[in-house]
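To keep things clear, I will list the structure first and then write my remarks on it.
Just so it is clear: chains get the letters A, B, ... in the order the sequence lines come, proteins before strands, and each one is counted from 1. Note that the coordinates shown come from a computational prediction; the quantities given were computed from them, not determined experimentally.
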2 protein chains.
Amino acid sequence: MDGPAPESYETLRRSIASQRNDLSKRLRLIADYALLDPSAFALRAVAGLAAEIGVAPSAIIRFAQHFGYSGFSEMQNVFRQRLEAAAPSYRDRVHNLEQHGGADATDDMMRRFIDAGIASLKDLQLTISPDKIDEAAGFIADARTVHVLAQKRTFPAAAYLAYNLARLEMPAHLFDGIGGMLEQQSNLMGPDDVVVAISFLPGAQTTADVFSLALDKGARTVAIVDVPRAPYVHADVVFEVVEASVENFRSLTATISLALVLAIRAGTFSAHKSNPQDERQ
Amino acid sequence: MDGPAPESYETLRRSIASQRNDLSKRLRLIADYALLDPSAFALRAVAGLAAEIGVAPSAIIRFAQHFGYSGFSEMQNVFRQRLEAAAPSYRDRVHNLEQHGGADATDDMMRRFIDAGIASLKDLQLTISPDKIDEAAGFIADARTVHVLAQKRTFPAAAYLAYNLARLEMPAHLFDGIGGMLEQQSNLMGPDDVVVAISFLPGAQTTADVFSLALDKGARTVAIVDVPRAPYVHADVVFEVVEASVENFRSLTATISLALVLAIRAGTFSAHKSNPQDERQ
DNA sequence: GTCAATATGGAATAAACATTCCATTCAGAA
DNA sequence: TTCTGAATGGAATGTTTATTCCATATTGAC
């Protein structure tokens, strides 16, 4: 029973289920197993599956061909789709935006950047845990001073965080390193302070140096990174943010939004602290 | 740096993250990709991964061996574990997300900011005309110097624009007004320059003052505002951007995205100008 | 029970793939 | 600069894995 081979997992699954009763004995064994444990079909090899199910390897190829595929490998790709969907891969979520890179009309580019920004925001919602935000916001609310630390492409996000903290009357200090004052500025950090660092690859060395210093001095530390790496992995709270990129320009929307939420949550906690009779609403 | 090879995905990930900085150049490329897109490591073959990352196939084997595995295949099994673990719960996870919407305060707030950001981006796409972007980008590409001007809440967007212009090798100058140097900085503006101002209500007076000066000096002017008003309405190009706000905190996502598109378009025009025989690809 | 059509297992083959090895390049020390 | 050891790319090799093919077994019709 041929016809075009199903291209999506759901279609394939329906097809297997509906034909099951018409299959030969061996093929039916295989069908049942495919419905029962699709992950095995996605990840294991023909020989292994055959042994598990108790059929000959060739039976598995016949099974795939029965549903219109050229062989097992082709069918396996459909099973793998399902796994990729379950653990969404960066390539799927974000990289695709870079695919048709040739078009360079302005409106097309704008559309792609906007899509990239939206993808980043949605990903932020899926991957960032509110508990972590609360933890970091708690540190910030209790801090004597909040030092915000970033260079180059992430600097705008740091400026935004510092601005909003200041607006909420929290003692924020933006490390700008202007005039080679970085070392003096570093000396301001103490154990009652919180240091928030934002660093995306390829990170600036000075950001890493100052952050390491903060760790040594026993300050509370919060890191926002794209890829976890030393010294940021040693922070008290580490946020991993995936920003979509188009033609090697990375968006900042997710990072900016995270900074804003952090500031506001910290502001809330801080207000509760100074007015203890306030209740959460 | 050997030792026993990690047997769980989480252990492996931590191990890669912490050793990342000590790896050689190629191995570090691979490490970043593994952290960014673990699904690819679970499903793809050595040759395909190598091509994607831009390294030799043997480098991937070396990467696996560096972390204590006998070869790539053994490491790949660890990445596959993660997919198997993620697959069954996928349906539940999506369901849960849709179910208890207003779970706790932080979660709810994050959702609202993300929705606000997405709304701003969609609005940007609807309201900003590509022709205006091209016009502004043309000015920027032709300028001797680009002065970027903003204060307070819009300053991060200005920093972002200046950073990206500089990255594209365009002469960008960020007005920071540090040390009361604003007046001296203002004198840098001339008729061959472009001034880009970003101002949202309630605008800073200094931004308006410097912008007026730019108009007087005959510089090309570009304004990004939320509400059109003097002196910005007299700019050569005026963009009106609507940022959604939540509880009086305005998002910056649309402005940031607009800044990025402006920079890249200007970069494109500038590149075409300096290499006239270049064709668009 | 015999025959024909179909299903099946397993060996043989082909393809894809991982791994090793070595010549060359690169980066750092003297 | 020259030297030395590490890093790298790419071709050669070996292994795993998919697929084909055919001899044999099974099923169902008569």
Nearest-Å distance for atom pair [atom1]/[atom2], residues [X] and [N]:
| X | N | atom1 | atom2 | result |
| --- | --- | --- | --- | --- |
| B:Asp22 | D:dA7 | CG | P | 12 Å |
| A:Gln76 | D:dA18 | CD | C1' | 10 Å |
| B:Phe63 | D:dT8 | CZ | C1' | 16 Å |
| A:Ile30 | C:dT8 | CD1 | P | 8 Å |
| B:Arg28 | D:dA7 | CZ | P | 11 Å |
| B:Asn77 | C:dC17 | CG | C1' | 14 Å |
| B:Met75 | C:dA18 | CE | C1' | 13 Å |
| A:Phe72 | D:dT16 | CZ | P | 18 Å |

Do the side chain of [X] and the main chain of [Y] share a donor and acceptor less than 3.5 angstrom apart?
| X | Y | answer |
| --- | --- | --- |
| B:Gln65 | B:Ser70 | yes |
| A:Asp236 | A:Thr221 | yes |
| A:Arg80 | B:Leu43 | yes |

Worksheet item: Side-chain donor-acceptor pair under 3.5 Å between A:Glu243 and A:Thr255, yes or no?
Response: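 A pair is found: one side chain offers a donor N or O, the other an acceptor, under 3.5 Å apart.
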Worksheet item: Can you tell which of B:Ile256, B:Ile264, B:Leu262 makes a side chain to side chain contact (heavy atoms under 4.5 Å, CB included) with B:Leu260?
Response: B:Ile264
Discussion item. Against B:Phe79, only a single residue in B:Tyr69, B:Phe67, B:Phe41, B:Phe72 fulfils ring pair (Phe, Tyr, Trp, His ring centres under 6.0 Å); can you say which?
Written reply: B:Phe41
Discussion item. Please tell me if A:Gln65 has a side-chain N or O lying less than 4.0 Å from either OP1 or OP2 of D:dT19.
Written reply: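 Answer is no, no contact under 4.0 Å.
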Discussion item. With a 4.0 Å cutoff (strictly under), does any side-chain N or O of B:Ser73 reach OP1 or OP2 of D:dT16?
Written reply: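 False: B:Ser73 side-chain N/O out of range (4.0 Å or more) of D:dT16 OP1/OP2.
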Discussion item. At 4.0 Å (heavy atoms only), tell me whether A:Ala59 reaches a base, stays on the sugar-phosphate, or touches nothing.
Written reply: nothing
Discussion item. Within the 4.0 Å heavy-atom criterion, would you say B:Ser58 contacts the bases, only the backbone, or no part of the nucleic acid?
Written reply: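 Result for B:Ser58 = base.
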Sort me out a list of protein N/O and nucleotides 25-29 of chain D N/O pairs below 3.5 Å, or just none if empty.
residue	atom	partner	partner atom	Å
D:dT27	OP1	A:Lys25	NZ	3.4

Practice prompt. Please state whether the rings of B:Phe155 and A:Phe155 are parallel, tilted or perpendicular, taking 30° and 60° as the class boundaries.
Written response: perpendicular
Worksheet item: Of the nucleotides D:dT8, C:dA18, C:dA7, which has the atom closest to the B:Arg62 side chain?
Response: D:dT8
Discussion item. If you only use heavy atoms from C-beta on, which nucleotide in D:dT17, D:dG10, C:dT8 is closest to the side chain of A:Ala45?
Written reply: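 For the A:Ala45 side chain, the nearest candidate turns out to be D:dT17.
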